[in-house]
A.B. asks: 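Below: one structure in structure tokens.
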Amino acid sequence: MPIKLSRRPPQEWAAAFPQAWDSPPEFTTMHRPGIASVSGDCIILDGTTVEEVRDYHARTLTLVVARLNVAQRQLERDAQAEAQRAAEQRSTHADNVRSVVDDIRFQ
């Protein structure tokens with residue numbers, strides 16, 4: 001059963017989805033680990049029907065997607081903060097090199 005996402009998820013999100021599906025925060029007795037994957041912009045629940053998704057899997061799917069979205073946003077914030085730290089370090093280093101070079105005098 002393919003379920004179309006609003007867009008293609010980042011690779012980290014797609015890779016984490018099967019594990020998140022296998023260990024969701026909440027599920028019914030009809031939950032089946034091992035049936036989920038992501039292909040492009042679709043979640044695939046293998047070997048299930050649209051009725052089963054409606055009756056049993058929709059809430060679990062919503063919770064898993066929400067959990068992964070929160071984790072993805074945190075990864076993106078962390079990556080942005082790291083990039084900013086690296087840029088600041090490069091800038092500080094460049095300023096230091098310029099300062100030292102300005103102090104060098106050859107006689």
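As the structure is a prediction and not an experimental result, all values here were calculated from the model.
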A.B. asks: When you check the gap from the basic side-chain N to the acidic O, do Arg7 and Asp41 get nearer than 4.0 Å?
C.D. replies: no
A.B. asks: Could you go through the side chain to side chain contact (heavy atoms under 4.5 Å, CB included) check for Arg59 and Thr62 one step at a time?
C.D. replies: CA-CA 5 Å; Arg59 174 147 173 80; Thr62 299; 5.6 Å; no
A.B. asks: Under a single-linkage rule joining Ile, Leu, Val, Met, Phe, Trp and Tyr whose side-chain heavy atoms are separated by less than 4.5 Å, which residues share a cluster with Leu45?
C.D. replies: Met1, Ile3, Leu5, Trp13, Phe17, Trp21, Ile35, Val38, Ile43, Val50, Val53, Leu61, Val64, Val65, Leu68
A.B. asks: Passes side chain to side chain contact (heavy atoms under 4.5 Å, CB included), Leu75 versus Gln72? Steps please.
C.D. replies: CA-CA 5 Å; Leu75 279 174; Gln72 184 64 36; 4.0 Å; yes
A.B. asks: Find out whether Arg85 and Glu82 are in side-chain contact, i.e. whether some heavy atom of one side chain is under 4.5 Å from a heavy atom of the other.
C.D. replies: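 In contact.
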A.B. asks: Which distance, rounded to the nearest 0.5 Å, do you find between the CG of Asp102 and the CZ of Arg105?
C.D. replies: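 Going from the CG atom of Asp102 to the CZ atom of Arg105 covers 7.0 Å.
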A.B. asks: Less than 4.5 Å apart, side chain to side chain, heavy atoms only: is that true for His93 and Ser91?
C.D. replies: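 Side chain of His93 against side chain of Ser91, heavy atoms only: no contact under 4.5 Å found.
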A.B. asks: Which heavy atom of His57 sits nearest a heavy atom of Met30, and at what distance?
C.D. replies: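 Heavy atoms of His57 and Met30 come nearest at CE1-O, 3.4 Å.
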A.B. asks: Do Glu76 and Pro10 have side chains that approach each other closer than 4.5 Å (heavy atoms only, starting at C-beta)?
C.D. replies: yes
A.B. asks: Using atom types as modelled and distance alone, determine if a side-chain donor or acceptor of Asp22 lies under 3.5 Å from a backbone N or O of Pro33.
C.D. replies: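 Here the side-chain-to-backbone pair does not exist.
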A.B. asks: When you measure from the side chain of Thr92 to the backbone of Glu88, do you find a donor-acceptor pair of N or O atoms at a distance under 3.5 Å?
C.D. replies: yes
A.B. asks: Measure across Pro18 and Ser37 and return the closest heavy-atom pair with its distance rounded to 0.1 Å.
C.D. replies: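 Closest approach of Pro18 to Ser37, heavy atoms only: CG-CA, 4.3 Å.
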A.B. asks: Determine, stepwise, if the pair Glu26 / Arg67 fulfils salt bridge (charged side-chain N to carboxylate O under 4.0 Å, His left out).
C.D. replies: CA-CA 11 Å; Glu26 182 180 312; Arg67 177 181 274 183; over 6 Å; no
A.B. asks: I would like to know whether Gln74 and Val70 meet side chain to side chain contact (heavy atoms under 4.5 Å, CB included); could you show each step before the answer?
C.D. replies: CA-CA 6 Å; Gln74 185 62 49; Val70 167; 5.8 Å; no
A.B. asks: So, taking the atom named CG in Asp95 and the one named CZ in Arg90, what distance separates them when rounded to the nearest 0.5 Å?
C.D. replies: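 That separation rounds to 13.0 Å.
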A.B. asks: If we only count heavy atoms from C-beta on, is the Pro24 to Leu63 side-chain gap below 4.5 Å?
C.D. replies: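 Heavy-atom side-chain distance check fails, nothing below 4.5 Å.
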A.B. asks: Just jot down the ring-ring contact (aromatic ring centres under 6.0 Å, His included) partners of Tyr56, sequence neighbours excluded, or say none.
C.D. replies: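 Partners of Tyr56 under the ring-ring contact (aromatic ring centres under 6.0 Å, His included) test: none.
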A.B. asks: Under a 3.5 Å cutoff, is there a donor and acceptor pairing between the side chains of Gln84 and Gln80?
C.D. replies: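 Absent: no donor and acceptor within the cut-off.
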A.B. asks: Got a donor-acceptor contact below 3.5 angstrom from the Glu52 side chain to the Thr49 backbone?
C.D. replies: yes
